[in-house]
Chemist: 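Got a structure for you, written out below as structure tokens; questions coming shortly.
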Amino acid sequence: LPFDIAWVAIILCGVPIVLEAIIGLITAFDIKADVLVSIALIASVCIREDFAAGEIAFIMQLGALLEDLTVAKARAGIEKLVHLTPQTARIISNGTEQMIPAEKVQVGMTLRVLPGETIPVDGIITLGKTSINQAVMTGESLPVDKTVEDDVLSGTINQYSTFDMRASKTSSDSSLKRMIRLVKEADAPIVSLTDRWATWIVVIALVSSVITYLFTHEILRSVTILVVFCPCALVLATPTAIMAGIGNATKYGMLIKGGDIIERLSKVKNIAFDKTGTLTQNKMTVVEMADSEHALDLRGT
């Protein structure tokens, strides 16, 4: 090629790092690992060590990519919750049924829910009785019987018979929407070890680099100190480990709100389980049938 291929990494990966570091310093005096990386990158370019500069930029952006993938995995559970949100509602007005968008339901409206439908908003049953699958909200594996004056929650599923209900909350204030908001608010960004100690790392690196130059008068050795201090391994280690943890947990049906949750688990001493299905498979099987009474015995698995 008529140019050094390292410049592709320097421009595509390095320039965004330098710009982010400058903006963080100017706007909030935020000293993170990006500051040290930017100094090492610029210094490497100045002494024409293009390969070193490109390598630093590429590895740092690879770490950022892994972090983004980690956050995406954490938010995958949120997307599943969003898909559970009902889009339409069947209202009863002047004795006739009418389908409207769920977000247009107002408090006090009468709604009709058919068997197999998802309840669009929180409300109170005014006519009929049924059983509701509340697993999405409470984790309860078996349907819960509901009758007149009983509360029902949005996102839960009507199992058996048609009933009428009075909306007690709007769609935006429903239990399911509040749960989604809580999960989103709890999804904190990953804070790597290098970012926590970035200020000290930057100071130590700069002082070491200056001392090296004063003793050797060789700029190459001085820049080498900056390059060696670049926290590439730590930047890669944190998001990679967290991404693996969230990915493995997802396989077992566990929703982790964010990377910081995994870090905080290291300090947990006791765990309390209070929901059916958390420690069980959430399924019932027939183990015995009495011919005389035509009754079934069920055993949870």
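Throughout, numbering of the chain's residues begins at 1 and tracks the sequence. Computed from a predicted model, the values in this text were never measured in an experiment.
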Chemist: Kindly give the heavy-atom pair with the smallest separation between N270 and V268, and that separation in Å.
Modeler: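 Minimum heavy-atom contact is O-CG1, 3.4 Å.
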Chemist: Work out which heavy atom in A9 is nearest to a heavy atom in F58; give both atom names and the distance.
Modeler: CB-CB, 4.5 Å
Chemist: Would you please name every residue forming a side chain to side chain contact (heavy atoms under 4.5 Å, CB included) with V18, sequence neighbours left out?
Modeler: I22, S38, I42
Chemist: Is it possible for you to say whether L220 and F215 belong to one hydrophobic cluster, with membership spreading through side-chain heavy-atom contacts below 4.5 Å?
Modeler: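 Unlinked, L220 and F215 end up in two clusters.
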Chemist: Rounded to the nearest 0.5 Å, what separates atom OG1 in T126 from atom CZ in R112?
Modeler: 9.0 Å
Chemist: Please step through side chain to side chain contact (heavy atoms under 4.5 Å, CB included) for the pair M109 and V121, ending with a clear verdict.
Modeler: CA-CA 11 Å; M109 281 186 172; V121 296; over 6 Å; no
Chemist: With side chain to side chain contact (heavy atoms under 4.5 Å, CB included) as the criterion, how do W7 and V45 come out once you've worked through the C-alpha distance, each side chain's angles and the decisive distance to 0.1 Å?
Modeler: CA-CA 10 Å; W7 276 97; V45 171; 3.7 Å; yes
Chemist: Taking side-chain hydrogen bond (donor to acceptor under 3.5 Å, both in side chains) as the test, write out the residues that go with R221, two or more places apart.
Modeler: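 For R221 the side-chain hydrogen bond (donor to acceptor under 3.5 Å, both in side chains) partners, ignoring immediate neighbours, are E218.
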Chemist: Measure the spacing between OG of S209 and CD1 of I39 and express it to the nearest 0.5 Å.
Modeler: 9.0 Å
Chemist: Would you say I204 and L25 are hydrophobically clustered, going by side-chain heavy atoms of ILVMFWY under 4.5 Å?
Modeler: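 Shared cluster, yes.
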Chemist: With sequence neighbours left out, write down each residue that passes side-chain hydrogen bond (donor to acceptor under 3.5 Å, both in side chains) with D4, or none if nothing qualifies.
Modeler: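 Scan of D4 (side-chain hydrogen bond (donor to acceptor under 3.5 Å, both in side chains), adjacent residues dropped) gives none.
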Chemist: Roughly how far apart are D150 CG and M165 CE, rounded to 0.5 Å?
Modeler: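 Answer for the CG-CE pair, D150 versus M165, is 12.0 Å.
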Chemist: In a check of side chain to side chain contact (heavy atoms under 4.5 Å, CB included) between T212 and each of T224, I225, L226, which one passes?
Modeler: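 Between T212 and the candidates, side chain to side chain contact (heavy atoms under 4.5 Å, CB included) is satisfied uniquely by I225.
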Chemist: Any donor and acceptor pair, going by atom type alone, linking the side chain of T130 with main-chain N or O of S161 inside 3.5 Å?
Modeler: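 Yes; at least one donor-acceptor contact below 3.5 Å.
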Chemist: Quick one, L153 with I119, criterion side chain to side chain contact (heavy atoms under 4.5 Å, CB included). Give me CA distance, side-chain angles, the key distance, then yes/no.
Modeler: CA-CA 7 Å; L153 303 176; I119 298 174; over 6 Å; no
Chemist: Hey, is the main chain of L114 close enough, under 3.5 Å, to the side chain of T162 for a donor-acceptor pair?
Modeler: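 No; zero donor-acceptor contacts below 3.5 Å.
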Chemist: Taking atom OH of Y160 and atom CG of N133, what is their separation to the nearest 0.5 Å?
Modeler: 9.0 Å
Chemist: Output yes when a side-chain donor or acceptor of K146 lies under 3.5 Å from a complementary backbone atom of D151, and no otherwise.
Modeler: yes
Chemist: To the nearest 0.5 Å, what is the distance between CG on L12 and CD on Q61?
Modeler: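 With rounding to 0.5 Å, CG (L12) is 9.5 Å from CD (Q61).
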Chemist: Using the side chain to side chain contact (heavy atoms under 4.5 Å, CB included) rule, pick out the option among L36, V35, L206 that qualifies with I201.
Modeler: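 For I201, the side chain to side chain contact (heavy atoms under 4.5 Å, CB included) test succeeds with only one of L36, V35, L206, which is L36.
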Chemist: Let me confirm one number: the CG-CD1 distance from D50 to I5, rounded to the nearest 0.5 Å.
Modeler: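 These two atoms lie 12.0 Å from each other.
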Chemist: Can you give me the closest heavy-atom contact between G14 and L41, atom names plus distance?
Modeler: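 Closest pair (atom of G14, atom of L41, distance): CA-CD1, 3.7 Å.
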Chemist: What's the shortest heavy-atom distance between P120 and V113, and which atoms?
Modeler: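 Distance-wise, the nearest heavy atoms are CD-CG2, 4.4 Å.
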Chemist: Please answer: with hydrophobic residues joined when any side-chain heavy atoms are less than 4.5 Å apart, are M60 and I10 in the same cluster?
Modeler: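 Unlinked, M60 and I10 end up in two clusters.
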Chemist: Under a single-linkage definition using a 4.5 Å side-chain heavy-atom cutoff for Ile, Leu, Val, Met, Phe, Trp and Tyr, are I271 and L265 assigned to the same hydrophobic cluster?
Modeler: yes
Chemist: Please step through side chain to side chain contact (heavy atoms under 4.5 Å, CB included) for the pair E149 and I124, ending with a clear verdict.
Modeler: CA-CA 6 Å; E149 297 300 323; I124 300 173; 4.2 Å; yes
Chemist: Among M99, E103, E117, K104, which residue meets the side chain to side chain contact (heavy atoms under 4.5 Å, CB included) test with T88?
Modeler: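 Exactly one candidate clears the test, M99.
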